[in-house]
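Here the structure comes first, spelled out in structure tokens, and everything after it is commentary.
All of these numbers come straight from a predicted model, not from anything done at the bench.
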Amino acid sequence: PNTPVTAEATGDADQAGAPEGQPDADAPGDPAAAEAAYEAAFEILRAGRYAEATEAFEQFLADYPQAALAANARYWLGESHYVVREFETALGHFQQVIDNHPESNKRPDALLKIGYVHFEQGRMAQARTALERVIEAHPESTAANLTRQRLDQL
């Protein structure tokens, strides 16, 4: 089905304060300001204002590209495109989480969403491959449980 998987739907509410790796010591900007900007963008997304959320997360990534929350922001930027069915744009953002943030706690969710994008676009073999990677790489994650459900539909 076309139901977007949000933080509330997965039970995986975004943990902005959760350690995702330490911020780069050379990262410009104030970590508190970065967290405040991230939280503001996330609240816009939670309110369902997807175009505004897209702008807010893009601004966050422009202002704080090395912030500890950059992977989370990239993921939610992808989600803000996914929920309005801008699948190719969403796919690019989810892939950047995988490619550029090897330690991110958002990797399982990004892999899941990559599978969902392929599923939505009728690329079932690619969907299956992406979804199987979630289970293989992150078997105990919430994303893996959702993946098993989606695989049953393929």
Check whether any side-chain heavy atom of [X] lies under 4.5 Å from a side-chain heavy atom of [Y], and answer yes or no.
| X | Y | result |
| --- | --- | --- |
| Leu146 | Asp109 | no |
| Arg133 | Ile98 | yes |
| Glu79 | Phe94 | yes |

Give the ring-plane orientation class for His81 versus His93, where under 30° counts as parallel, over 60° as perpendicular and anything between as tilted.
-> parallel
Over all heavy atoms of both residues, which pair between [X] and [Y] is shortest? Give the atoms and the distance, please.
| X | Y | value |
| --- | --- | --- |
| Ser80 | Thr54 | OG-OG1, 2.9 Å |
| Ala62 | Pro65 | O-CD, 3.7 Å |
| Ala41 | Ala56 | CB-CB, 3.5 Å |
| Pro102 | Arg107 | O-CD, 3.1 Å |
| Asp30 | Tyr64 | O-CE2, 4.3 Å |
| Val97 | Ser104 | CG1-OG, 4.4 Å |

[atom1]/[X] to [atom2]/[Y] distance, rounded to the nearest 0.5 angstrom?
| X | Y | atom1 | atom2 | result |
| --- | --- | --- | --- | --- |
| Leu131 | Thr147 | CG | OG1 | 5.0 Å |
| Tyr50 | Tyr82 | OH | OH | 12.0 Å |
| Ile114 | Gln126 | CD1 | CD | 11.0 Å |
| Leu111 | Lys113 | CG | NZ | 12.5 Å |
| Leu61 | Trp76 | CG | CH2 | 14.0 Å |
| Gln59 | Leu77 | CD | CG | 12.0 Å |

Member of His101, Gln96, Glu58 meeting the side chain to side chain donor-acceptor pair (under 3.5 Å) criterion with Arg74 = Gln96
Using a cut-off of 6.0 Å, state whether more than 12 heavy atoms not belonging to Glu88 lie near its atom CD.
-> yes
Leu69 vs Phe42, side chain to side chain contact (heavy atoms under 4.5 Å, CB included): CA-CA, chis, key distance, verdict | CA-CA 11 Å; Leu69 291 166; Phe42 190 68; over 6 Å; no
Indicate, with yes or no, if Ile44 and Phe57 share a hydrophobic cluster defined by side-chain heavy-atom contacts under 4.5 Å among Ile, Leu, Val, Met, Phe, Trp and Tyr.
-> no
